[in-house]
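See below for the structure under consideration.
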Amino acid sequence: MQCSVSSLSLSPAVKSRLTAAGFSLLSELQGLPPSQICAEAGVSQQEALQVLQAVRGSPVRIAPPLTALQLLQEEQQQRSIISFCSQLDAALGGGLPVGKTTEICGAPGVGKTQLCLQLAVDVQVPVCFGGLGGQAVFVDTEGSFLLQRVQDFAGAAVKHCSLLVEDDEQRVAMTTFNVETILSNIFLVRCHDYVELLAELHLLPDFLSEHPRVRLLVIDSMAFPFRLHFDELSQRTRLLNGLAQQFIAMASSHHIAVVITNQMTTRLRGSQSQLVPALGESWGHAPTIRLLLQWAGTQRLAVIFKSPGHPGSTVEYQINSDGFRDAVQSEQPPSKRPRTHTIQSAAGQRDSNQSAPGPRHCS
Amino acid sequence: MSTRMLKRTGLSNELCEQLKRHQIESCKDLLSLTPLEVMHAACLSYQQAIELLQSVSKVIAPPVSTALELCKQQACFSTSLPALDKLLRGGLPHGTITEVTGPSGCGKTQICLMLSVLATLPKSEGGLDSGVIYIDTECAFSAERLVEIAQSRFPDYFNCRERVLHMAGRVLLCRELTCQDVLNRLDRIEEDIISSGAGLIILDSVASVVRKEFDTTLPGNLMHRSDLLGHEASTLKYLAHQFNIPVVLTNQITTHLGGQGSEDAGFVTAALGNTWSHSVNTRLILQYVDSHQRQILIAKSPVAPFAVLNYTIEKQGICIDGDDSQETLYEGTDPGLQPIRVQTGFTYNLTTPI
Amino acid sequence: MVVLREGMCPGLDADLLRDLRAADIKTVEDVVSSDIEELAQRCSVSYKALFAIRRVLLAQHAAFPVSGADLYEELLSSTAIISTGSPSLDKLLDSGVYTGEITELSGGPGSGKSQVCFSVAVHVSLHLKQSVIFIDTTGGLSASRLLQMLRAETSDTEEQMEALQRIHVFRLFNIFSLLDCLFTLRSGRLQQACVGGGSVKAVIVDSVSAVISPLLGGKQNEGMSLMIQVAGVLKTMAKDFNVAALVTNHVTRSESGGVKPGLGVSWSHIPRTRVLLERREGGADSSLRSATLIKSSRQPCHIKAEFDLQSWSRSKEGSSGKRKLEETDS
């Protein structure tokens, strides 16, 4: 084989000794006993053994390729995570895709955490109702995971599903789909700084193997721990690029959807300032899909900025007591409009969701 | 947090020595490296480097729990204003940062004093029965006002002098006048929290020291200021979570200039910028309606809708007008760009911010 | 570097090998580059024997010179040009992506790099009826999007399925897996395995910067060497098997405030042709993109072209027709 020795994943010191001894291609090392490698290259016996294992192990490491047809069949069978906001789901082609990384960036208070909490509840909707019936892992770095909200969303989801029950299978599923079980299926980790976050991410593959029902990983947020003082920005960029690959590897091999939230930062371009996603230019390439949540006056818009499978589009949404929902048009009867103060102009009043009239929430 | 030394993580001595030669001594140093750098420093193969990172991670990583277990821990700090508590689903949530911002004279310090009194009350009266750490950067703390609020708001409880003194004794006042002092204080505050049994931390105010020392028109300062604020926010969040207590901060206002040469001259909004707006969990804005009437706006909250309440400042602190049953909502927007009404004569466009 | 072994050439026996080793001559390069007289004295071996050995080794290991005319003939007969599916982009690239060299597409997020890669893959598998190897390192490959593009080209389901079968996808997320995969492809094993759909005409790596950028910088140099390894194997694969190697790269901010392709100066010498893609003004919903040629050995640099991502979704009936493989016959 024409592989060169320097492409092996051995320690650099061992590789340099091998090349100094004259070995440059793997074919030269094949078939040699360890003692000869020790003698010629001056490495220890353990290292010689590692060298031989690396040489022999190479062809087996990669999985055989899939054809695009097989991939298509896989994709068609794979469900997405619905978000109960039908317009957003339609724009994303059915919901948040499993097996990919999605980034949600937005201004403060626009609803990133609310969407993540909504997804953590939605991923648990039983399979017979069209959901994934999976568990969720929520990595919280900001302290914004508040139980009351999760209970609201869980209650709304249970109510929504119980209205849809048609056959026995669904009835049986509803017995295990209640607020308590929903809460027990969300694994929560609180990280205080980026080192704890990195440590947790190193341990996640093993955790995911032990809990094969997990279908969603949420990191809320990635920006907060990484925006703190870093000695060199290049180190941060390297770490983030490495993390990006870890996320997509986890998403792909464990069949989970990885959702990461990001903040916005002000960038000065000449004399104008603009809000752009934080964490730098190269981080923009990391997620497969990028959703930008924005304020347009008092409206909330979700912009699909980057998605290899779907064209970019903009969708309006709202957040009410039940959670993340479609924005409702203002033809609703005036009796349902809550009383508002005239702090701002009363133009463009919006009503809450028809099923549960409640106040609209701000974040 | 993660300044744990590698020696105490169970790694072999020779490996620790090897890493020390490359200036890698704490877990933080090791985990900040990419696998390739670890391979280089520790002379390991790729697989071994990954295993090393995983074994160190096991020591550092926080424990995994479920949301159900959180039920037992999460609690709220009632503000003794029923309308506000109802909107906030119980009060100020423990383990999070609540910010109170507004123009000067609107009542931010009054709210802080009122919350300090409440925290020292026993649980039967609706308090936390704990101490308070009050970090004052503006020298606005007034002990007489504290006592006045206590005696006017809870006359039955504070009927004798011992109780008043006991209450005052539980409020630990720290006067810090520069940014570095504030940071130093926060870094060492854990011992104070434990020794005084503190159940509430108040920082009044975050903005004053920062704006005194950092002139953001100079190029490097914006980054330093953001770093500093980020450091403060993360320390406060850590303390809030670790001890499961609420943290209250106050902020000031600034003028946000209108973009692209529009007619309006700009509007007043909360200070410290967009990044700071991300860092706080709850934002309450105080603003003027007229010279006597004021309003509290809930501008950012994980649980509450955009709501507004009228209040006045009386002898006993803050008093909410109107009754609890009114639904008082408003069309909200980005909490970093929410316009705030100040007590000056000029009118300006309040409709839609940029 | 090739290690000296017994029996490599007549006259190289175990004793001579030992003497040479003692004089610190371990590889063929050492023999060839050292002074024979001095070596003969040091090892106490005859000058003639060493000279004969050196000649044989040179004959065995040196490269053969080839005349320019032969090279030209070979180039004409083996190079193919693959269309990208967009006429304006093709014009920018001097009619398309050439086989035998590395073409790089760089651009910010959402600028259309993956879409161009999909389009090339679809073109090769559908119109040229050849295989494509697609190495996906970012998870951006979506088979439904490929199907959508195929549907825009032809409405025959049978053809669509066949075309999909000719696209072979590898999902790799770190540098060592990528190197393994590329070396295995180059050694010919997997190419033979794809024989069902015809020979491979394109190898697409989307994106190469995702696996390489975590390696660069920091207190080590291994990353750079691994990057050059990847470049080397892609180039030789492109040349030896006459495939088009298409890679995508990210962008970073340059000093003047604009964008430049990532991975640094060392990488910039590797691709033969480099194109920078950008979003045009028009908001997030717009599908218009602009492409600038930043490095090319055939066209003047900095020429721009504009194209529309939507054109690969709309079905083409009638006029635009199918694009054919353009062979440059003499």
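To find a chain, count down the sequence lines: A is the first, B the second, and so on, and within it residues start at 1.
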Does anything in residues 93-105 of chain A form a side-chain hydrogen bond (donor to acceptor under 3.5 Å, both in side chains)? List the pairs, not counting sequence neighbours. A/T101-A/T288, A/E103-A/N262, A/E103-A/W283, A/E103-A/R290
Contact winner vs chain A - [options], heavy-atom pairs under 4.5 Å:
{"options": "C/V132, C/T137, C/L146, C/N174", "answer": "C/T137"}
{"options": "C/S125, C/S144, C/S114, C/A121", "answer": "C/S144"}
{"options": "C/V233, C/V259, C/L141, C/T252", "answer": "C/L141"}
{"options": "C/Q115, C/R253, C/Q160", "answer": "C/R253"}
{"options": "C/G108, C/G139, C/G110", "answer": "C/G139"}

Do [X] and [Y] come close enough that some side-chain heavy atom pair is under 4.5 Å?
{"X": "A/R300", "Y": "A/Q294", "value": "no"}
{"X": "A/L92", "Y": "A/S80", "value": "no"}
{"X": "A/V43", "Y": "A/V51", "value": "no"}
{"X": "C/L185", "Y": "C/F241", "value": "no"}
{"X": "C/H250", "Y": "A/N241", "value": "no"}
{"X": "A/L197", "Y": "A/I219", "value": "yes"}
{"X": "A/P311", "Y": "C/L309", "value": "no"}
{"X": "C/V116", "Y": "C/T248", "value": "no"}

Kindly write out the residues that satisfy side-chain hydrogen bond (donor to acceptor under 3.5 Å, both in side chains) with C/S142, not counting sequence neighbours, or none if the list is empty. none
Can you tell which part of C/F134 gets under 4.5 Å to a heavy atom of chain A, answering side chain, backbone, both or neither? neither
Proximal component of C/L216, with respect to chain A [non-hydrogen, under 4.5 Å]: backbone
Out of A/Q70, A/Q246, A/E75, A/Q76, return the one with the most heavy atom pairs under 4.5 angstrom to chain C. A/E75
Of the listed residues (A/Q245, A/E281, A/E74, A/K306), which shares the most heavy-atom pairs with chain C below a 4.5 Å separation? A/Q245
Separation between [atom1] of [X] and [atom2] of [Y], rounded to the nearest 0.5 Å:
{"X": "C/C181", "Y": "C/R186", "atom1": "SG", "atom2": "CZ", "result": "13.5 Å"}
{"X": "C/R145", "Y": "C/L150", "atom1": "CZ", "atom2": "CG", "result": "10.5 Å"}
{"X": "C/M237", "Y": "C/L182", "atom1": "CE", "atom2": "CG", "result": "5.0 Å"}

Which members of residues 247-260 of chain A, sorted by number, sit under 4.5 angstrom from chain C on a heavy-atom basis? A/I248, A/A249, A/S252
Would you say C/D180 and C/S177 are linked by a side-chain donor-acceptor pair, where the criterion is simply a distance under 3.5 Å? no
So if I take each residue of residues 221-232 of chain C and look for any heavy atom under 4.5 Å from a heavy atom in chain A, which residues do I end up with? C/E222, C/L226, C/Q229
